[in-house]
Participant: 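The structure under discussion is supplied below as structure tokens; questions concerning it will follow.
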2 protein chains.
Amino acid sequence: MKVTNIQSLKNILSDKGYKLTKARENTFSALLSPEPQSMATLIAKSQDKVDRVTMYRNIDLFEKLGIVNRIYVGWKYKLELSDNFMDHHHHLSCLSCGKVIDIEDEQHINEFIKSVTDKFSFTPRHHQFEIDGFCNVCSKSKKS
Amino acid sequence: MKVTNIQSLKNILSDKGYKLTKARENTFSALLSPEPQSMATLIAKSQDKVDRVTMYRNIDLFEKLGIVNRIYVGWKYKLELSDNFMDHHHHLSCLSCGKVIDIEDEQHINEFIKSVTDKFSFTPRHHQFEIDGFCNVCSKSKKS
DNA sequence: CATCTAAATGCAACAAAGTTGCAATTACAA
DNA sequence: TTGTAATTGCAACTTTGTTGCATTTAGATG
């Protein structure tokens, strides 16, 4: 089931016996963003609306329900609405200047995931694919 | 340069003006393991030999020098000696029972990395590729 | 091999991130 | 409208990571 608005959020929750609360609506709103966000950002965006502890608990719940994904960009994890709702991207991250380049070859990655999960009868729900290194500019100027 | 023993560790360090200290030797020893380890594990293994703070500082340094990689398995990061030294594996992690399956199709992944980094003249140093979902056993018994 | 010094360490104190127990509140089924 | 299990917010706590500083040490130099 796709999470595209508050009603479908409610459906997912009540389907498993969870309630749609004000805190969960606000948690969901905070997640609406084109970029993955840190826990600290989500908490800051929702201050006065959602308690810190409740935010942690609801993000955990959303993750269990497949509503959000935790991805690792650089050093820390960030949160984004799941693949059903938002496009999931992969990146090349430059260790020197921090530039992030989008890999756009989704199809190739998806085929590969299918081949490897089929082999083990594994049902994939989320994946990460991130490459660190040096961008074209920094490769040239790299002191070694 | 490959890190295969204390001497080559020393070479890498002194090459950049860093010293090979007892703490760094012990940090390196703690890293020798077939599995990636958490910071907490490394600290515990080295207690009485390396201070917690020093461990953090040296792991940071080793990462800058390309001696260790930080990878994300499940929820938390773990540390492992770099690709030069240890084989780097990729996994299918079951969200239900926690089972971890090794993906062995390194060649395919490496080709894909080459094709995508070539496209952007990007010099890769490390990558992560992890898939979460449900293993064959848990897929069947999954309550939905 | 003795000396010198920048680099590295350990300690204490702190800051940030995440967790737990519990009493008060709320969604929603009947 | 009411009853109640689920959820929340709060306070207190644990774990994880960071900073400043006085002391120690690796290793370069004579």
Side-chain angles (χ1 to χ4, degrees), chain A residues 6-31 36-65 67-79, chain B residues 5-31 36-65 67-79 143:
Chain A
I6 297 294
Q7 184 54 48
S8 63
L9 175 63
K10 172 156 186 175
N11 291 341
I12 294 181
L13 288 168
S14 58
D15 198 46
K16 299 280 167 67
Y18 297 104
K19 295 175 178 173
L20 176 62
T21 61
K22 278 267 172 277
R24 285 175 186 160
E25 282 189 37
N26 285 318
T27 300
F28 180 76
S29 303
L31 285 163
Q37 301 171 92
S38 67
M39 204 64 202
T41 302
L42 293 173
I43 290 168
K45 279 171 89 171
S46 312
Q47 60 163 192
D48 305 332
K49 283 182 261 166
V50 185
D51 185 80
R52 226 168 60 84
V53 174
T54 302
M55 181 64 82
Y56 277 106
R57 291 196 271 229
N58 283 337
I59 290 291
D60 280 0
L61 176 65
F62 282 11
E63 201 179 20
K64 272 190 211 122
L65 296 176
I67 296 168
V68 307
N69 291 319
R70 194 175 289 245
I71 63 164
Y72 294 90
V73 180
W75 282 58
K76 312 240 168 173
Y77 74 81
K78 301 204 167 180
L79 300 149
Chain B
N5 54 44
I6 296 294
Q7 184 54 48
S8 64
L9 174 63
K10 172 158 187 174
N11 290 341
I12 293 181
L13 288 168
S14 58
D15 198 47
K16 299 280 167 64
Y18 298 105
K19 296 174 179 174
L20 175 63
T21 61
K22 279 266 172 277
R24 285 175 187 162
E25 282 188 36
N26 285 318
T27 299
F28 179 77
S29 302
L31 284 164
Q37 302 170 90
S38 69
M39 204 62 201
T41 302
L42 293 174
I43 289 168
K45 278 171 90 171
S46 312
Q47 61 163 191
D48 304 334
K49 283 183 260 166
V50 186
D51 186 80
R52 226 169 59 87
V53 174
T54 301
M55 181 63 82
Y56 277 105
R57 291 196 270 229
N58 283 337
I59 289 292
D60 280 359
L61 176 64
F62 282 11
E63 200 179 21
K64 270 190 212 124
L65 295 177
I67 297 169
V68 307
N69 290 319
R70 193 175 290 243
I71 63 165
Y72 295 90
V73 180
W75 282 58
K76 312 240 168 176
Y77 73 82
K78 301 204 168 182
L79 300 149
K143 328 150 199 43

Participant: Determine the minimum heavy-atom distance between V50(A) and A23(A), stating which atoms define it.
Facilitator: CG2-O, 3.7 Å

Participant: Could you check how far CG of L61(B) sits from C1' of dA7(C), rounded to whole Å?
Facilitator: 11 Å

Participant: Round to the nearest Å and state the distance from R70(A) atom CZ to dG18(C) atom C1'.
Facilitator: 10 Å

Participant: Restricting to non-hydrogen atoms, name the atom on A30(B) and the atom on L42(B) that form the minimum distance, rounded to 0.1 Å.
Facilitator: O-CD2, 3.5 Å

Participant: What is the separation between atom OH on Y56(B) and atom P on dA17(C), rounded to the nearest whole Å?
Facilitator: 13 Å

Participant: Does Y77(A) have a side-chain nitrogen or oxygen under 4.0 Å from the phosphate oxygens OP1 or OP2 of dG18(C)?
Facilitator: yes

Participant: Contact between L79(A) and F62(A) at the side-chain level, heavy atoms closer than 4.5 Å - yes or no?
Facilitator: no

Participant: Among the nucleotides dA8(C), dA17(C), dA27(C), which one has an atom lying closest to any side-chain atom of K22(A)?
Facilitator: dA27(C)

Participant: Of R52(B) and M55(A), whose closest DNA chain D nucleotide lies nearer the 5' terminus?
Facilitator: M55(A)

Participant: Counting only heavy atoms not in Y77(A), do more than 12 sit closer than 6.0 Å to its OH atom?
Facilitator: yes

Participant: Pick the closest DNA chain D nucleotide for N58(A) and for T21(B) by heavy atoms, then say which residue is nearer the 5' end.
Facilitator: N58(A)

Participant: How long is the line joining CE of M39(B) and C1' of dG18(C), in whole Å?
Facilitator: 18 Å

Participant: Would you mind reading off the distance between K49(B) atom NZ and dG10(C) atom C1', rounded to a whole angstrom?
Facilitator: 17 Å

Participant: Identify whether any heavy atom of R24(A) sits under 4.0 Å from a base atom; if not, whether one sits that close to sugar-phosphate; answer base, sugar-phosphate or nothing.
Facilitator: sugar-phosphate

Participant: Strictly by salt bridge (Lys or Arg N to Asp or Glu O under 4.0 Å), give each pair with a member in residues 46-62 of chain B just once, sequence neighbours left out.
Facilitator: D60(B)-R70(B)

Participant: Can you check the R57(A) CZ to dT26(C) C1' distance for me, whole Å?
Facilitator: 15 Å

Participant: How many Å lie between NZ on K19(B) and C1' on dT5(C), as a whole number?
Facilitator: 7 Å

Participant: Got a donor-acceptor contact below 3.5 angstrom from the D15(A) side chain to the N11(A) backbone?
Facilitator: no

Participant: With a 4.0 angstrom cut-off to heavy atoms of chain B, pull out the first and last contacting nucleotide of DNA chain D, in 5'-to-3' order.
Facilitator: dT16(D) to dG27(D)

Participant: Find the distance I59(B):CD1 to dT9(C):P and express it as a whole number of Å.
Facilitator: 12 Å

Participant: So which one's nearest nucleotide on DNA chain C is more toward 5', G17(B) or V50(B)?
Facilitator: G17(B)

Participant: Taking only residues two or more places apart in sequence, or in another chain, which ones meet S14(A) in a side-chain hydrogen bond (donor to acceptor under 3.5 Å, both in side chains)?
Facilitator: none

